[in-house]
K.L.:
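I am attaching a structure below and will ask some questions about it afterwards.
Below, all heavy atoms of this structure are taken into account, side chains as well, without hydrogens, waters or symmetry copies. We're numbering straight along the sequence, starting at 1.
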Amino acid sequence: MPFPIHIDILELIIKGIIIGVAASAPMGPVGILCVQRTQKKGRWYGFATGVGASVSDLIYALISGAGMSFVVDFINNPVYKFYLQLAGGIMLLAFGLISFFSNPLKNARSGGQKEKGTLLHNGVTAFFITFSNPLIILLFIALFAQFNFIIPKRPVLMAVGYASMIGGALLWWYGLTWVIDKIRSKFDQTGVVIINRIIGGCVIFFSLISLIGTIFNIYLFPKLQQ
């Protein structure tokens with residue numbers, strides 16, 4: 001019936017947006033670069049940096065999703081599914097703890113070039129910086145496992161899910177650059193650390209909720225867990 005399908009799509013869109021934000025929000029090198037470029041070059045140069053990072057993340061998300069779709073029988077087995085989601089929750093908790101306690105400025109790249117360059121150039125450089133870190137695949141596997149995001153033999157639904165995911169990523173970069181642009185004169189390195197700790201705290205909280213839900217068989221999105 002049409003109605004349940006619409007509910008599935010709505011739930012998948014919500015999942016995709018959350019995954020997109022969660023993958024983009026931690027303040028890694030590109031996050032710092034986005035902040036620096038927003039402050040020194042302007043908001044749209046920072047946003048172009050985020051767009052480049054989002055394209056790279058999408059490629060790794062597709063690779064992660066394709067790999068998980070090949071082991072669909074393994075994933076759909078209730079016992080294996082439980083352990084996969086449990087491992088995903090533990091991985092998310094680890095990412096949250098690392099994000100909370102790490103210093104995002106330690107390995108930050110300089111964004112203070114004298115020449116602004118084109119928006120395309122800023123996006124492309126951010127793409128290659130992000131693409132040079134394939135460990136993002138582990139984060140996507142953890143997120144996909146927790147949200148049961150992969151739906152085999154449903155290419156239209158998956159296309160909607162991936163589109164929602166990149167939409168969530170772009171929403172994050174748009175919001176971040178908007179905030180930085182508004183408080184540009186007051187935003188310093190301490191602000192970056194605070195944002196990173198808030199993000200890490202949110203990931204820790206969500207991962208703990210997810211682990212509790214997995215252990216006690218409680219799901220935020222029960223329909224797509226079937």
Side-chain angles (χ1 to χ4, degrees), residues 15-37 49-71 74-75 80 83-111 122-150 158 161-162 164-173 176 192-193 195-208 210-211 214:
K15 289 182 177 184
I17 291 173
I18 295 174
I19 291 173
V21 172
S24 302
M27 279 290 173
V30 173
I32 303 300
L33 189 62
C34 176
V35 170
Q36 291 175 335
R37 286 178 173 175
T49 300
V51 171
S54 298
V55 173
S56 174
D57 285 345
L58 178 61
I59 293 174
Y60 278 130
L62 291 170
I63 294 173
S64 304
M68 293 181 73
S69 67
F70 281 119
V71 291
F74 176 88
I75 294 172
Y80 295 149
Y83 286 114
L84 181 62
Q85 291 183 322
L86 188 65
I90 294 172
M91 288 172 63
L92 282 180
L93 179 60
F95 276 111
L97 290 171
I98 291 172
S99 178
F100 186 87
F101 290 106
S102 65
N103 180 3
L105 300 170
K106 184 176 180 180
N107 298 316
R109 297 169 183 261
S110 175
N122 283 262
V124 170
T125 54
F127 169 86
F128 282 110
I129 291 172
T130 307
F131 200 71
S132 66
N133 180 26
L135 291 178
I136 189 69
I137 289 179
L138 297 178
L139 178 57
F140 280 120
I141 291 175
L143 290 167
F144 289 173
Q146 271 301 312
F147 283 98
N148 199 25
F149 186 72
I150 303 302
M158 286 311 304
Y162 285 121
S164 302
M165 191 189 69
I166 196 167
L170 294 178
L171 182 65
W172 164 259
W173 293 116
L176 177 64
V192 172
V193 175
I195 288 179
N196 202 55
R197 288 187 175 175
I198 291 174
I199 294 168
C202 290
V203 173
I204 291 170
F205 175 78
F206 172 77
S207 63
L208 290 174
S210 298
L211 283 170
T214 298

K.L.:
For the atom pair CD1 (Ile166) and OG (Ser54), what is the distance rounded to the nearest 0.5 Å?
P.N.:
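Separation between the atoms: 5.5 Å.
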K.L.:
For residues Phe149 and Met158, report the shortest heavy-atom separation together with the two atoms involved.
P.N.:
O-SD, 3.5 Å
K.L.:
In Å and rounded to the nearest 0.5 Å, what is the CG to CG distance from Leu62 to Asp57?
P.N.:
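The CG atom of Asp57 is 11.0 Å from CG of Leu62, to the nearest 0.5 Å.
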K.L.:
Please assess Trp173 against Val51 for the test side chain to side chain contact (heavy atoms under 4.5 Å, CB included), listing each intermediate value before the final yes or no.
P.N.:
CA-CA 8 Å; Trp173 293 116; Val51 171; over 6 Å; no
K.L.:
Using the rule given for side chain to side chain contact (heavy atoms under 4.5 Å, CB included), can you reason through Phe127 versus Val30, listing the C-alpha separation, both sets of side-chain angles and the distance that settles it, and then say yes or no?
P.N.:
CA-CA 9 Å; Phe127 169 86; Val30 173; over 6 Å; no
K.L.:
If you look at every heavy atom in Met68 and Ala145, which pair is closest and at what distance?
P.N.:
CE-N, 4.1 Å
K.L.:
How long is the span from the OG1 atom in Thr49 to the CG atom in Leu176, to the nearest 0.5 Å?
P.N.:
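Result: 10.5 Å between the selected atoms.
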K.L.:
Is the Phe131-Tyr60 ring centre distance short of 6.0 angstrom?
P.N.:
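Yes, close enough.
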K.L.:
Where do Ile136 and Ala23 come nearest, in terms of heavy atoms and distance?
P.N.:
CD1-O, 4.3 Å
K.L.:
I need the Leu139 CG to Asn133 CG distance, nearest 0.5 Å.
P.N.:
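Between atom CG of Leu139 and atom CG of Asn133 there are 10.0 Å.
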K.L.:
Side-chain contact test, heavy atoms from C-beta onward, threshold under 4.5 Å: evaluate it for Phe140 versus Ile19 and give yes or no.
P.N.:
yes
K.L.:
Tell me if a side-chain donor or acceptor on Ser24 pairs with a main-chain N or O of Val21 at a distance below 3.5 Å.
P.N.:
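It does not hold such a pair.
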K.L.:
Heavy atoms only: give me the nearest Ser64-Ile137 pair and the separation to one decimal.
P.N.:
OG-CG2, 3.4 Å
K.L.:
Please assess Asn122 against Arg37 for the test side chain to side chain contact (heavy atoms under 4.5 Å, CB included), listing each intermediate value before the final yes or no.
P.N.:
CA-CA 9 Å; Asn122 283 262; Arg37 286 178 173 175; 3.2 Å; yes
K.L.:
Return the CG to CG distance between Leu170 and Leu58, rounded to the nearest 0.5 Å.
P.N.:
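It is 9.5 Å, given to the nearest 0.5 Å.
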K.L.:
Of all the heavy-atom pairs spanning Phe144 and Gly65, show the shortest one and how long it is.
P.N.:
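Smallest interatomic distance, heavy atoms only, reads CE1-N, 3.7 Å.
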K.L.:
Nearest 0.5 angstrom please: Met165 CE to Ile17 CD1, how far?
P.N.:
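Answer for the CE-CD1 pair, Met165 versus Ile17, is 12.0 Å.
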